[in-house]
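Just so it is clear, the model here is predicted, and its values are computed rather than measured.
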Amino acid sequence: MNAPLRRVGVVVMILFGLLFANLNWIQAYKADEYRTSDYNGRVQVAEYERKRGNIEAGGTAFAVSKETDGELKYQRTYPGGAKYAHVLGYKPVNLGDTGIERSENDFLAGTSDQLFIDRFKDMFTGDQTAGGNVLLTISKRAQDVAYDQLRNNKQGVSKGAAIAIDPRTGAVQALVSMPSFDPNPLASHDTDAATAAYNKLEQDADRPLRNRALGEVLPPGSAFKIVVAAAALENGVGKNTQIPAGASFTPPTSGTPIRNAAPSICPESQVSLMEAVTESCNTGFAKLGIRLGADTIKEKARQFGFEQEDLTVGQLGEGGHAVAASRTGDMQNADGGDDPAALAQSSIGQRDVRMTPLQGAMIAASVANGGSQMRPYLVRQLLGPDRTTSYYTADPRELRQPVSGQVAADLREMMVSVVENGTGRQAQIDGYTVGGKTGTAQSGPQTRDHGWFIGFALDKNGNAVSAVCVLLEEAGDGGSAEAARIGGQIMRAAITDPGGR
């Protein structure tokens, strides 16, 4: 055999060897992935052979499967439409599923190891037992109010979010992101129509698919002052301690003055910390932040939950909706020392400080609950297809304790003063003690300010019954007052219908 033929033979042998290795790699390592892929048509047909379980809130099913005459035997439908879209997620045929539909997919589909006995019985009976059912913590009344009030807010804005939680347990009572969307077209068995519906939503400039309650991070404005006040209380400042204030303050290294929202707000050279929180005194908190230092403020924010990368809301610590990390940003100069201008702006919730609505609700909940921050969750219980067997019941867990009981009590008193005497009056609820903090955050030179409210409600025995955060994006003047009004309405609804039953 001459040299050219030998070379060809060697090349052919190498190619066969590579092909053999690739086939073995696919069979040994990729088989399960390909077999269970959402793009495997046989898998899709098999998945729709079994009726998918319900997702329910307050005894009503908001994600159900109905029998069809098509190749895919069951159609996933969402009776709650846009109102529950960001709570549930959606389960399409040819697109990636999201939210609770994704995190609880195996249990809903009946393929979970927990439901093995049902599948084993089916081998002998020939039945196709339905998947399991997921029961949520949501209060139907609070969800209704949150959705309706956000859609019809008095500022006329189209983007925002609201979330309410039970401070004692972390159970989510309401979760709304605006604008929302109807998930039903996305679950259509007409995959071309479903893809077209998805593409339309994806290309919408208002980003309706985005879960703003959990995934949006925006400057919180004065709502962040509760974090700074907590740091102050732990570092020698009492609620009645006088702190420097004034009508205007220009931080060192900056030529840009910080002013209060109105000339009537803390024009005095000094005010108490209580007054500074009640009136939302920008100059007082800017000076206080510089006094405390960047490390102290950043650490206190971290203790409240800022910078957390891996928080999810579904089962307790077991996946669900991913939550964006809230950030405090950079408050130091190139040499590693504090940048007074950055620190002053950050201390009033501007500059690079960014917060999710969930984080805002968790701050308020921690204060209301004596300093204990509970892990937020949406899944209350997993019920088998027979609805008598429970495979999971939520057992509330403390996530962290950002402040002591005494500091929490002082913060509660100051936040109650905000609602009774300050900028949060619109959140008042007859028969309940309500505390809160409004926030007006600059969003850009050519856009209107964001309006925020974080707050809590206590019953006559002092027990925390609800905590809320409302965000109205680019709401302009009066946005924070409207957010406070909506927050009060949501908490009132949660009180009358706590959810999770």
key: Atom of Thr256, atom of Ser254 and distance for their closest heavy-atom approach   = N-OG, 3.1 Å
query = Heavy-atom distance under 4.5 Å between the side chains of Ile297 and Ser347, does that happen here?
reply = yes
Side chains of Met362 and Leu358 in contact at under 4.5 Å (non-hydrogen atoms) = yes
Check: Gln332 main-chain N/O paired with Asp330 side-chain donor or acceptor under 3.5 Å = yes
message = I need the minimum non-hydrogen distance between Cys266 and Ala245, along with the two atoms involved.
response = O-CB, 4.1 Å
More than 12 heavy atoms from other groups under 6.0 Å of OH on Tyr198 = no
request  = Would you mind reporting whether Phe304 and Met355 have side-chain heavy atoms less than 4.5 Å apart?
outcome  = no
key: Salt-bridge criterion met for Arg141 and Asp497 (N-O under 4.0 Å)   = no
Heavy-atom donor-acceptor pair, Gln359 side chain to Thr356 backbone, under 3.5 Å = no
request  = Output yes when a side-chain donor or acceptor of Ser139 lies under 3.5 Å from a complementary backbone atom of Gln173, and no otherwise.
outcome  = no
message = If you apply the rule side chain to side chain donor-acceptor pair (under 3.5 Å), what do you find for Glu101 with Tyr78, and how did you get there?
response = CA-CA 11 Å; Glu101 287 278 33; Tyr78 300 95; 2.7 Å; yes
query = Hey, is the main chain of Ala394 close enough, under 3.5 Å, to the side chain of Gln315 for a donor-acceptor pair?
reply = no
Check: residues 217-228 side-chain donor-acceptor pairs under 3.5 Å, at least two apart:
from	atom 1	to	atom 2	distance (Å)
Ser222	OG	Lys225	NZ	2.9
Ser222	OG	Ser280	OG	3.0
Lys225	NZ	Ser280	O	3.2
Lys225	NZ	Ser280	OG	3.0
Lys225	NZ	Asn282	OD1	2.7

request  = Please report the closest heavy-atom contact between Asn184 and Gly81, naming both atoms and the distance.
outcome  = ND2-CA, 4.4 Å
query = Do Arg259 and Thr283 have side chains that get closer than 4.5 Å, going by heavy atoms?
reply = no
task = Verify the neighbour count for atom CG of Asp459: are there more than 12 heavy atoms of other residues, nucleotides or ligands below 6.0 Å?
result = yes
query = Is the backbone of Gln149 close enough, under 3.5 Å, to the side chain of Asn153 for a donor and an acceptor to pair up by distance?
reply = no
inquiry  = On a heavy-atom basis, which atom in Gly371 and which in Ala408 lie closest, and how many Å separate them?
reply    = N-CB, 3.4 Å
ask   = Is atom CZ of Arg151 surrounded by more than 12 heavy atoms (other residues, nucleotides or ligands) closer than 6.0 Å?
value = no
query = Would Gln155 and Arg448 satisfy side chain to side chain donor-acceptor pair (under 3.5 Å), going step by step from the backbone distance to the final call?
reply = CA-CA 11 Å; Gln155 298 299 108; Arg448 300 196 302 171; over 6 Å; no
request  = Tell me, with the steps shown, if Ile100 and Val134 meet side-chain contact (heavy atoms from CB on, under 4.5 Å).
outcome  = CA-CA 9 Å; Ile100 298 301; Val134 176; 4.2 Å; yes
request  = Decide side-chain contact (heavy atoms from CB on, under 4.5 Å) for Ile495 and Ile429; before the verdict, give the C-alpha distance in whole Å, the side-chain angles of both, and the deciding distance to 0.1 Å.
outcome  = CA-CA 10 Å; Ile495 289 166; Ile429 303 172; 4.3 Å; yes
task = Return yes when atom CG of Asp430 has more than 12 non-hydrogen atoms of other residues, nucleotides or ligands closer than 6.0 Å, and no otherwise.
result = no
task = Return the minimal non-hydrogen interatomic distance between Leu186 and Leu209, and the atom names on each side.
result = CD1-CD2, 4.5 Å
Any donor-acceptor pair under 3.5 Å from Glu307 side chain to Thr328 backbone = yes
ask   = For the side chain of Arg212 and the backbone of Ser177, is there at least one donor-acceptor N/O pair under 3.5 Å apart?
value = no
query = So, does Asn369 use its side chain to make a donor-acceptor pair with the main chain of Pro167 at under 3.5 Å?
reply = yes
remark   = Residues Gly238 and Thr241: closest non-hydrogen pair is N-OG1, 2.7 Å
Pair Glu234-Val407, side-chain contact (heavy atoms from CB on, under 4.5 Å): steps then yes or no = CA-CA 7 Å; Glu234 293 177 346; Val407 170; 3.9 Å; yes
query = Are a donor atom and an acceptor atom from the side chains of Thr60 and Lys140 found within less than 3.5 Å of each other?
reply = yes
query = Which class fits the ring pair Phe181 and Tyr90: parallel under 30°, tilted 30 to 60°, perpendicular over 60°?
reply = perpendicular
task = Taking the side chain as every heavy atom from C-beta outward, state whether Pro92 and Asp97 have any pair of such atoms under 4.5 Å apart.
result = yes
ask   = Can Glu473 and Glu216 be said to form a side-chain contact (heavy atoms from CB on, under 4.5 Å), step by step?
value = CA-CA 10 Å; Glu473 294 186 27; Glu216 190 76 282; 3.2 Å; yes
inquiry  = Can you pull out every side chain to side chain donor-acceptor pair (under 3.5 Å) where at least one residue sits in residues 398-409? Sequence neighbours excluded, please.
reply    = Gln308-Arg400, Ser372-Glu398, Gln373-Arg400, Gln406-Asp410
query = Hey, does the side chain of Ser180 reach the backbone of Ala82 with a donor-acceptor pair shorter than 3.5 angstrom?
reply = yes
key: Heavy-atom check, side chain of Arg207 versus side chain of Lys159, under 4.5 Å   = no
task = Kindly say whether Ala213 contributes a backbone atom to a donor-acceptor pair with the side chain of Asn211 at under 3.5 angstrom?
result = yes
ask   = Is the shortest heavy-atom distance from the side chain of Gln350 to the side chain of Gln442 under 4.5 Å?
value = yes
